[in-house]
There are 2 protein chains.
Amino acid sequence: MTEQREKGFTPRQRAVLECALELLVAGGERAVTTAGVARAASCSKESLYKWFGDRDGLLAAMIAYQASKVRTFANEGEAVDRSRFRARLVAFARDLLDVLAGDVSLALNRLAIGQASRDENRLGRLLVAQGRRRIDEGAIALLEAGKRHGHINYEDQEEAYRTFYGLIVRDLHVRMLLGEEEVRRPEGFAALAERAVDQFFALYRVREKERADPA
Amino acid sequence: MTEQREKGFTPRQRAVLECALELLVAGGERAVTTAGVARAASCSKESLYKWFGDRDGLLAAMIAYQASKVRTFANEGEAVDRSRFRARLVAFARDLLDVLAGDVSLALNRLAIGQASRDENRLGRLLVAQGRRRIDEGAIALLEAGKRHGHINYEDQEEAYRTFYGLIVRDLHVRMLLGEEEVRRPEGFAALAERAVDQFFALYRVREKERADPA
DNA sequence: CTCTATGCGTACCGTACGGTACGGTTCTGA
DNA sequence: TCAGAACCGTACCGTACGGTACGCATAGAG
């Protein structure tokens with residue numbers, strides 16, 4: 001009992017959750033049956049119910065466990081140099097695309113989206129809170145540093161970040177969620193990241209003089 | 001039999017599919033049971049199986065039916081005037097957000113995403129083919145007209161459109177799919193559309209002289 | 001060695017759902 | 001008026017799955 005709340009999950013539980021995630025990736029939500037997880041993980045259904053309460057608890061635990069594995073998006077050190085700051089942005093964009101295109105990420109997002117109409121949206125909120133939040137915070141801190149050093153400029157922090165996100169991801173995430181395999185090409189993500197950062201700089205570069213927008 | 005393939009669906013079938021869509025919107029995929037649809041639509045299960053083959057056929061028919069209701073994204077007439085072209089872009093952006101935020105659209109996207117690991121992705125491909133394609137085509141034609149009249153400039157048509165899409169939608173679609181109600185505010189969509197179009201013009205405006213990008 | 005806790009494996013139960021069959025009713029066309 | 005098709009309502013079947021109970025093995029504590 002002590003180590004369950006300290007470190008989140010027992011080693012045995014982590015192994016079981018790992019098996020459950022494999023099943024989810026392989027076959028979607030319908031493949032995650034209590035009997036199936038028990039068989040794959042060589043544990044008893046009784047243990048599953050003891051540890052996670054019920055099937056929904058198991059699904060929630062899978063999300064929490066996966067989130068606990070992802071370490072915070074790297075953001076060590078300040079990027080005073082402009083080219084170095086740009087490299088940071090590109091790295092963030094590439095990491096973001098890699099994460100979103102990952103098997104487990106896609107499977108968990110599909111799971112939460114599929115459950116959106118049930119349980120007052122517990123899984124969706126959990127996924128956003130545990131997964132997206134820390135990505136957002138890392139990126140916003142990065143942008144803030146860039147502004148502080150005069151590399152970019154913006155009024156609304158959140159607004160600038162959302163724009164950056166949109167330039168990077170566009171409709172790729174939804175299309176990947178819908179199963180378009182053609183769009184999951186990690187080898188092309190570097191180019192996408194470069195382009196997105198270029199466009200972001202074009203929109204948020206520092207302007208010596210405010211000048212009227214040609215509209 | 002004649003009118004089934006001509007107009008897609010019989011009036012009776014359309015009524016049944018309407019009921020099925022209501023169930024889907026209200027309770028998600030799990031709420032669309034053959035017995036439930038039959039009861040809600042006052043038809044027999046036997047008719048359902050006769051018309052749609054099996055449950056998957058019913059789900060596919062729901063997507064096809066909904067797509068058949070949406071008329072092609074308006075694109076009548078050329079927009080020679082610049083301000084008129086801009087208004088067109090804003091209107092497209094607002095329409096896009098409205099569509100994506102619609103109850104039925106969200107429910108169908110959740111359905112297709114939830115089924116992404118099954119049936120070799122039939123529903124997902126159907127949804128993209130029937131729903132997204134005509135939106136994309138309308139927008140691309142619009143951009144092309146804008147380029148022809150010298151309002152914007154780009155090399156890669158598809159690339160420009162995807163950027164426009166990203167500036168409009170950002171991560172709103174996924175967050176709506178995940179059930180974040182706070183983000184479904186049609187009253188704010190007009191402002192989002194305006195901003196996105198401004199940013200799009202900033203990125204793709206015609207430049208009298210090519211000038212080196214400050215990077 | 002014994003007692004107890006943990007957990008595995010299996011069997012079991014109730015329900016829900018996909019799919020089928022059948023009787024009865026309405027509508028259509030000759 | 002009659003034949004046949006379409007269709008509704010209901011009952012039925014088999015299976016799959018969530019959840020529970022029980023028997024047995026193992027391991028650590030006293």
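Chain naming here is simple, since letters A, B, ... match the order of the sequence lines and numbering starts at 1 in each.
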>> Restricting to side-chain hydrogen bond (donor to acceptor under 3.5 Å, both in side chains), what partner residues turn up for B/Asn121, sequence neighbours left out?
In response: none
>> Can you pull out every side chain to side chain donor-acceptor pair (under 3.5 Å) where at least one residue sits in residues 25-46 of chain B? Sequence neighbours excluded, please.
In response: B/Glu29-B/Arg55, B/Glu29-B/Gln115, B/Ser44-B/Ser47
>> With side chain to side chain contact (heavy atoms under 4.5 Å, CB included) as the criterion, how do A/Ile135 and A/Tyr165 come out once you've worked through the C-alpha distance, each side chain's angles and the decisive distance to 0.1 Å?
In response: CA-CA 11 Å; A/Ile135 292 179; A/Tyr165 189 100; 5.7 Å; no
> With sugar-phosphate meaning primed atoms plus P, OP1 and OP2, does B/Lys50 contact a base, only sugar-phosphate, or nothing at under 4.0 Å between heavy atoms?
Replying inline: sugar-phosphate
> If you find the nucleotide of DNA chain C closest to A/Ala38 and the one closest to B/Ser44, which residue's nucleotide is nearer the 5' end?
Replying inline: A/Ala38
> Could you give the start and end, 5' to 3', of the contact zone on DNA chain D for chain A, using atoms under 4.0 Å from its heavy atoms?
Replying inline: D/dC17 to D/dC22
>> Would A/Leu172 and A/Leu100 count as a side chain to side chain contact (heavy atoms under 4.5 Å, CB included) here? Give the steps.
In response: CA-CA 9 Å; A/Leu172 284 184; A/Leu100 295 184; over 6 Å; no
> Checking side chain to side chain contact (heavy atoms under 4.5 Å, CB included) for the pair A/Tyr154/A/Glu159: CA distance, chi angles, key distance, verdict?
Replying inline: CA-CA 9 Å; A/Tyr154 52 77; A/Glu159 176 78 10; over 6 Å; no
>> Run the side-chain hydrogen bond (donor to acceptor under 3.5 Å, both in side chains) test against A/Arg185 and tell me which residues pass, sequence neighbours left out.
In response: none
>> Using 0.5 Å steps for rounding, measure from the CD atom of B/Glu180 to the CG atom of B/Leu178.
In response: 7.0 Å
> Can you list the residues that meet the ring pair (Phe, Tyr, Trp, His ring centres under 6.0 Å) rule with A/Tyr204, with sequence neighbours excluded?
Replying inline: A/Phe200
> With respect to the phosphate group of C/dG7, does any side-chain polar atom (N or O) of A/Trp51 fall under 4.0 Å of OP1 or OP2?
Replying inline: yes
>> If you assign each of A/Tyr49 and B/Ser42 to its closest nucleotide in DNA chain D, which residue comes earlier from the 5' end?
In response: B/Ser42
> By a strict heavy-atom criterion of less than 4.0 Å, which residues belonging to residues 114-123 of chain B are in contact with DNA chain D?
Replying inline: none
> Given atom CZ of A/Arg39 and atom P of C/dT10, what is their separation to the nearest angstrom?
Replying inline: 10 Å
